[in-house]
Protein chains: 2
Amino acid sequence: MTVSRAANRPESVSVETRGKIFDAMESLGYKPNALARSMRRRSTHQIGYLTADLTITPNAIMAQSAGQTFAEAGYRQIIAISNGQLELEHKFLEQFQSGIVDGMIPMISDESSQKTVDLLQNCGVPIVAIDRDLPFTVDAVLSDHRAPMIKAVKYLHDIGHRDIALLCSPQTMRPGRIRSAAFVEAAQQLGHTDPEARVFSMPQRPEEAFAATQFLLSRADRPTALIAAANQLTFGVLQAIQSLGMSIPCDVSVIGADDTIVSPLFRPALTMISRDLVEIGKAAAGLLIERLRQPETAVGRILMLGSDVVLRDSCSSPQKKK
Amino acid sequence: MTVSRAANRPESVSVETRGKIFDAMESLGYKPNALARSMRRRSTHQIGYLTADLTITPNAIMAQSAGQTFAEAGYRQIIAISNGQLELEHKFLEQFQSGIVDGMIPMISDESSQKTVDLLQNCGVPIVAIDRDLPFTVDAVLSDHRAPMIKAVKYLHDIGHRDIALLCSPQTMRPGRIRSAAFVEAAQQLGHTDPEARVFSMPQRPEEAFAATQFLLSRADRPTALIAAANQLTFGVLQAIQSLGMSIPCDVSVIGADDTIVSPLFRPALTMISRDLVEIGKAAAGLLIERLRQPETAVGRILMLGSDVVLRDSCSSPQKKK
DNA sequence: TTGTACGCGTTATCAA
DNA sequence: TTGATAACGCGTACAA
């Protein structure tokens, strides 16, 4: 009908007819069916966003920021939560392949899964990676995890620490890999003993960090400082230190990661590795929107965003052990 | 084609043909188009979830829990973030009306907006409200905010407080209304002076609570205890108290709301009004799924879930003022 | 057990 | 400027 024209290019319909059409749409409560429209246009204006866990505030910040950017550009965001489970992740990625999304931002939880990689590579829509290394050319927004980790280690070294432990997310994801490599590199350069043995990778859950910290701090040769290189690990470390009746920074210095509103509210206020999470989400969404508008752009654009260490009160010189 | 049959009711296709079809699907990488299927079936298996802000952890917990329940039942969740802006909210609700969702969970941010109410009432799909009162019959999952508020006020009264202030979310939403009413009721019954004058409603942002707390605690006749009846308000209260160089609970007692993993990590550990947010999300999704499966069920099912006060260390008897 | 025809609600194309 | 027709890819109904 002429209705379609009126809705999409009003200027191509006579004022008179247009008026009648709008009146009728109003009185009938007519809404164009988005499905039929998408089918015809071969575009749903939906974006798939896969993440492990939205209750991890930094993840929520990135997702929300991306979602806002998409909304402003006329796209809807579908958030799929994998809970870190590989099978769920595959299920969602397969769903995204059935034509319901125009693009994807997949924050996968295991870069080493061949099936995940295959699903992404053959998904048929543009994707933008956030902080993930994929074995094929993609657009990506990456955080510089190396510089702040080196800075953190140096800072602890400068105030006297020689025995620092790192708790970080799994080696199957970029942040864990880069952060642990940078940690080892920096500690070695500063002459610390066997830093590799002081790296502990674990899923990003407080319980994991709780157990690891209890174990580490119960030993006679316990480290004098802990770096918790993920948001939820930071909470687990704090829990464990409190459960042991130890205090920060007297008994142990702590540096956390992924600063949010609560970090400065802890006593002592937490020194954190911090990055602009809103900017990351926005940048990723921006890259994807650009590509959807100009599909010819060469794939492989990489945006590297900086991050830094915010000094507060959770680190001090190590005390002599009793 | 016979392909459709093979995909949907494999038993109605001969084993031989079925095999050929599956082989072909495999080798061609064929995926049924979800759009066409939805159009034909008149159901997208998508659910719209509207919320104000996912970076508020309690909101994220509810949304995630609902999303998981939906995923298990074969539904996809579309999360729309309104940022508390009425226009955005309307925009999203209108989008949801164009046939892209089979149902909705709209956590609207202003129950008094006639336009919002109209959009919900005429949206054409089942909805389930979470903690919102709507002026028409709907299925809803509600929290009991009255009992825990009364308990909190009594608790503070029992340890000696006679001047308690309440910071709560706006009166245009159920939690703010119920909590402030319960607060006034309890304080009056206990003989406190003019409790209405001690209720402060504000948008759920830390800055708002920060300003209000600074104002309240700078006065000579400052309250001896604060109840922050929303997650982000709690953080603002803590910021303000720290900025004033006061300490909890010596200078002022504090009760927060919507317990999350961080509450016990603060020093002192925070006494909180707490509810099972996972259960809320799950219950809401469950109600909606039930209705989608059995559309004939009478509308107006109400699930009232309890909540409680978790006592920790942020309250003590008020000190004599200097 | 398998194939054919049609319709879901749009929009693109072409003709009037 | 407007109307008619076909097509998007699937599922239903019916025929073969």
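Values reported hereafter were calculated over all heavy atoms of this structure, with side chains retained and with hydrogens, waters and symmetry mates removed. Chain A is the first sequence line, chain B the second, and so forth, proteins listed ahead of strands; every chain is numbered from 1.
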Round to the nearest Å and state the distance from [X] atom [atom1] to [N] atom [atom2].
X	N	atom1	atom2	result
B:Asn8	D:dA13	CG	C1'	15 Å
A:Ile100	D:dG9	CD1	P	17 Å
B:Leu28	D:dG9	CG	C1'	15 Å
B:Leu35	D:dG9	CG	P	10 Å
A:Ile21	C:dT11	CD1	P	12 Å
A:Arg18	D:dT2	CZ	C1'	14 Å
B:Asn33	D:dA7	CG	C1'	14 Å

Requested in this report: Please list residues of residues 36-44 of chain B whose heavy atoms come under 4.0 Å from any atom in DNA chain C, ordered by number; otherwise none.
Outcome: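 Residues of residues 36-44 of chain B under 4.0 Å from DNA chain C: B:Met39, B:Arg40, B:Arg42.
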Query raised in the report: Is it the case that B:Ser169 and B:Gln204 place a side-chain donor and acceptor less than 3.5 Å from each other?
Result: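 Side-chain D/A pair, B:Ser169 to B:Gln204: absent.
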Query - Modelled atom types, side-chain donor and acceptor of B:Gln46 and B:Arg76, under 3.5 Å - result: yes
Query raised in the report: Among the nucleotides D:dG3, C:dT10, D:dT1, which one has an atom lying closest to any side-chain atom of A:Arg5?
Result: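 In terms of side-chain proximity for A:Arg5, the closest of D:dG3, C:dT10, D:dT1 is D:dG3.
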**Report entry** Residue pairs involving residues 281-296 of chain B (criterion salt bridge (Lys or Arg N to Asp or Glu O under 4.0 Å); sequence neighbours excluded)
**Finding:** B:Asp139-B:Arg291, B:Glu290-B:Arg301
Query raised in the report: Between A:Ala34 and B:Glu16, who's closer to the 5' end of DNA chain C by nearest nucleotide?
Result: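 Going by which nucleotide is closer to the 5' end, it is B:Glu16.
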Requested in this report: Might you work through the side chain to side chain contact (heavy atoms under 4.5 Å, CB included) test for A:Ile78 and A:Phe96, ending with a clear yes or no?
Outcome: CA-CA 10 Å; A:Ile78 297 185; A:Phe96 285 166; 4.1 Å; yes
**Report entry** Pairs satisfying ring-ring contact (aromatic ring centres under 6.0 Å, His included), at least one member in residues 20-68 of chain A, at least two apart
**Finding:** A:His45-A:Tyr75
Report summary line: In A:Thr116, A:Leu88, A:Asp118, A:Ile127, the residue satisfying side chain to side chain contact (heavy atoms under 4.5 Å, CB included) with A:Leu93 is A:Thr116
